[in-house]
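Both counts, for ligands and for their atoms, begin at 1 and track the order of listing.
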Amino acid sequence: MVGRSVVTLDDLSTTEILDLLDKAHYIDGHRRQVAHTCDGRVLATLFYEPSTRTRLSFETAMLRLGGKVIGFAGAQLSSVTKGESISDTLKTVSNYVDVVAIRHPKEGAALVARQAASVPVINAGDGGHMHPTQTLADLATLRSRFGRITDLTIGLCGDLTFGRTVHSLIEALCRFGNVRFVLISPDELACPQYVLDRIEATPTCSYVETRDLAGAIGGLDVLYMTRVQKERFFNEDDYLRLRDTYILDEAKMALAKPDMAVLHPLPRVNEIAVEVDDDPRAAYFEQVRNGMLMRMALESSVVGDTLPGYESNEPRKVRV
Ligand code: CP
């Protein structure tokens with residue numbers, strides 16, 4: 001993984017993804033031992049779009065590994081406002097740092113950044129396209145809840161059109177196989193055809209589409225809720241009409257399996273009632289924690305710093 005950029009999870013083999021999951025697990029149990037892994041390294045976070053979790057966890061990850069951080073949160077105070085291109089920004093910042101995390105509202109921006117940069121670039125979300133490190137957090141959460149990331153029935157609910165976390169997660173799970181997807185959305189926010197094609201091309205995976213959350217929830221191992229994203233709509237009336245289509249509350253949770261896990265990439269607006277937070281099936285704040293741990297694993301791997309005491313070929317403690 002040394003020197004590798006991650007624009008989509010296709011940039012990592014399934015073995016490398018499993019190794020990152022193992023590394024994150026190791027990091028969690030060896031915080032002091034890994035605290036100087038990235039001494040002398042610098043991370044740049046170039047965020048052209050708002051973020052709380054992703055930017056702060058990328059930065060915290062590098063700080064907790066002993067490195068330092070530069071960057072901007074919002075391009076309005078950078079030379080982007082003077083018309084500087086993504087390519088020129090990356091050619092510049094590559095001179096300063098060892099690794100870049102970039103978020104941009106346009107699909108494909110992370111690929112452009114990777115092509116211009118001379119250091120590894122990690123996609124922290126490009127428009128409605130992909131969010132691979134969120135997926136790493138999601139996979140870590142599935143594995144900690146179920147001991148596996150295959151042989152699951154996973155409902156994805158809400159904005160499946162613009163939800164880049166959904167697209168990334170489906171892509172990754174199809175690579176491991178044996179997942180039944182239940183795609184729950186209004187017709188206007190259905191999954192794009194290229195994502196459905198990905199499932200259809202995977203012999204061990206399948207999907208059904210439905211608008212009925214209450215009807216589907218009882219058969220799910222995992223319910224992955226998503227926010228209807230105001231910032232992706234061209235027409236505010238459409239957003240207002242669709243935003244509260246699904247609200248997960250105690251009444252709907254009563255229809256679910258006792259060990260179903262509720263995931264959400266966050267931020268949430270109304271789609272999960274606060275009362276659900278106290279339900280042991282709510283896993284979304286575990287996801288936040290796993291996001292930091294997985295970014296620690298990824299950052300140390302792409303800059304080529306070995307975690308003290310970590311043996312990458314040690315027997316796996318949990319199944320795929
Ligand atoms: N999950 C996620 O991407 O959150 P932020 O937008 O706060 O980074």
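Look at H131 and you'll find a heavy atom under 4.0 Å from some atom of ligand 1.
A donor-acceptor contact under 3.5 angstrom links the side chains of R295 and S57, judged on distance only. Side-chain contact annotation: E286 with N290, donor-acceptor N/O pair under 3.5 Å absent. A donor-acceptor contact under 3.5 angstrom links the side chains of Y310 and D19, judged on distance only.
In terms of protein heavy-atom proximity, atom 1 (N) of ligand 1 is closest to P265 O, 2.8 Å. Annotation: atom 4 (O) of ligand 1 to nearest protein heavy atom, R53 NE, 3.1 Å. In this structure, atom 6 (O) of ligand 1 lies nearest to the protein heavy atom R103 NH1, 2.9 Å.
Taking every non-hydrogen atom of T52 and a distance limit under 4.0 Å, the qualifying atoms of ligand 1 come out as 5 (P), 7 (O), 8 (O).
Residue-environment remark: CZ (R145) exceeds the threshold of 12 foreign heavy atoms within 6.0 Å.
Within the 4.0 Å heavy-atom criterion, the part of L266 lying near ligand 1 is the backbone and not the side chain.
Using a cutoff of 4.0 Å between basic side-chain nitrogens and carboxylate oxygens, R4 and E299 are not scored as salt-bridged.
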